[in-house]
Amino acid sequence: MIKEVYKNIYQATFPLTGNPLKSINIFVIKTEDCNLIIDTGFNNEENRKNMDALIKNLDLDMTKTKLFLTHLHSDHVGLAKYLENKGISEIFMSKVDGFFIENGINVDDYQWQNILKNAKLQGLLEENVDINNHPGFKNRPKEKFTYTKLEPGDKLNIGEFSFEILDEAGHTPGMVGLLEKDKKILFCGDHILGKITPNITYWADEYGDSLGIYLRNIEKIKDLDIKYLFSSHRFLIEDVNGRIDELICHHEERLNDTLAIVKSLKKANTRDIAKSMSWDIRAKNWSDFPESQKWFAVGEAAAHLKHLVAEEKIVEKLDSDGIYYYSINNI
């Protein structure tokens, strides 16, 4: 189903079959001079059919249509090459997240080897996880595509819409949004979601404290007076600032819980701390977790632990087994 959510802005919902996210909201801006598709869905036959139907139903001329990718995750970039092959006129993506896509086509590329390196440091390899079963790897773009690199502060004009590229780093190192200040519109990707909380994971030390970066970036949204927030998943949020406060509160509680677990375990690696955390998932215990969710749970635990280290509330130590351990004092 396609619905007009603002004059000349349309929303379609693509299913993400087999994924806990369930679906993704794809937005299209259609104007007399130019069109813009925002994100794509997974690189699979189901979403290719959905994209073809969207293009047909909105009668989009590919030579007058551009694609904006909010961030590197496969449910957002999966069909970029498919749309390039269909003749889309230009693709936009941030320089930072574009690096991951360019270096994430094959299993030996940086993106997947970096995830495996982190899994080793976090103790996750004890679970015998396989990168080939990682949802991001299974649904990734299988070919590189040509894109124009964007930076926060750049401008993008689509018909009567004048957008500024907004820094939304946190969920990924280079996630960006589209801000239309005069119309109080923000296409935010996964930055702020209704009901569910965006997964904040650890990427690498060179990308900084991802949770701290995320919290600062969502706090800044409160000053923008956004009236129309177009998010990539679930329903569209009406009380933007209220939802931001809820997300900040959620992470404060999560940090307190994580700190309490570190105190109780005295010394533990990321995987063992994640096992002790509470998760909103239909699983009886950690051993009942699907492998795909173990990747995400341990990554999120790592982000909270790294933030506590940055705040000097806990200590991180690389042990002789090549795994990071956390404690209150330097044990």
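Quick note: numbers below take in every heavy atom, side chains included, and nothing from hydrogens, waters or symmetry partners.
Cation-pi geometry between K294 and F289 is not met at under 6.0 angstrom from the ring centre and within 45 degrees of the axis. Taking the ring axis of W295 as reference, the NZ or CZ atom of R271 does not stay both within 45° of it and closer than 6.0 Å to the ring centre. Cation-pi geometry between K267 and Y326 is not met: the NZ or CZ atom fails to fall both under 6.0 Å from the ring centre and inside 45° of the normal. At least one test fails for K81 against the ring of F145: distance under 6.0 Å to the centre or angle within 45° of the axis.
No side-chain donor-acceptor contact under 3.5 Å links N199 and T201. Under the 3.5 Å distance criterion, with hydrogens and angles disregarded, a donor-acceptor pair is assigned to the side chains of H304 and H251. A donor-acceptor pair shorter than 3.5 Å can be found between the side chains of T70 and D39. Of the N and O atoms on the side chains of T31 and D33, not one donor lies less than 3.5 Å from an acceptor on the other residue.
Enclosure of atom CG in D280 is not indicated, since only 12 or fewer non-hydrogen atoms of other residues, nucleotides or ligands lie within 6.0 angstrom. By the 6.0 Å contact criterion, NZ on K222 is enclosed, its count of non-hydrogen atoms from other residues, nucleotides or ligands being greater than 12. Atom CD of E238 has 12 or fewer heavy atoms from other residues, nucleotides or ligands within 6.0 Å. Remark: E45 CD is packed, more than 12 non-hydrogen atoms of other residues, nucleotides or ligands lying under 6.0 Å away. Residue K263 qualifies as open at atom NZ: its count of foreign heavy atoms under 6.0 Å is 12 or below. Open room surrounds NZ on K184; 12 or fewer heavy atoms of other groups in view lie less than 6.0 Å from it.
The aromatic ring centroids of H76 and H233 lie less than 6.0 Å from each other.
The side-chain contact (heavy atoms from CB on, under 4.5 Å) with V77 is formed by just one residue from the set L67, N139, I101; it is I101.
Connection of I165 to M93 is not established within any shared hydrophobic cluster, with ILVMFWY side chains joined at heavy-atom distances below 4.5 Å, either directly or through further cluster members. Residues I200 and I273 share a hydrophobic cluster, clusters being chains of Ile/Leu/Val/Met/Phe/Trp/Tyr side chains in contact below 4.5 Å.
In terms of modelled atom types and a separation under 3.5 Å, the side chain of D97 and the main chain of S94 share no donor-acceptor contact. Under the 3.5 Å distance criterion, the side-chain polar atoms of Q111 are matched with a main-chain donor or acceptor of F100. Distance alone, capped at 3.5 Å, is enough to place a donor-acceptor pair between the W112 side chain and the G104 backbone.
Between F230 and F187, the ring planes are tilted. Angles from 30° to 60° get that label.
Salt-bridge formation is detected for the pair D52/K86: a Lys NZ or Arg NE/NH1/NH2 atom is positioned less than 4.0 Å from an Asp or Glu carboxylate oxygen.
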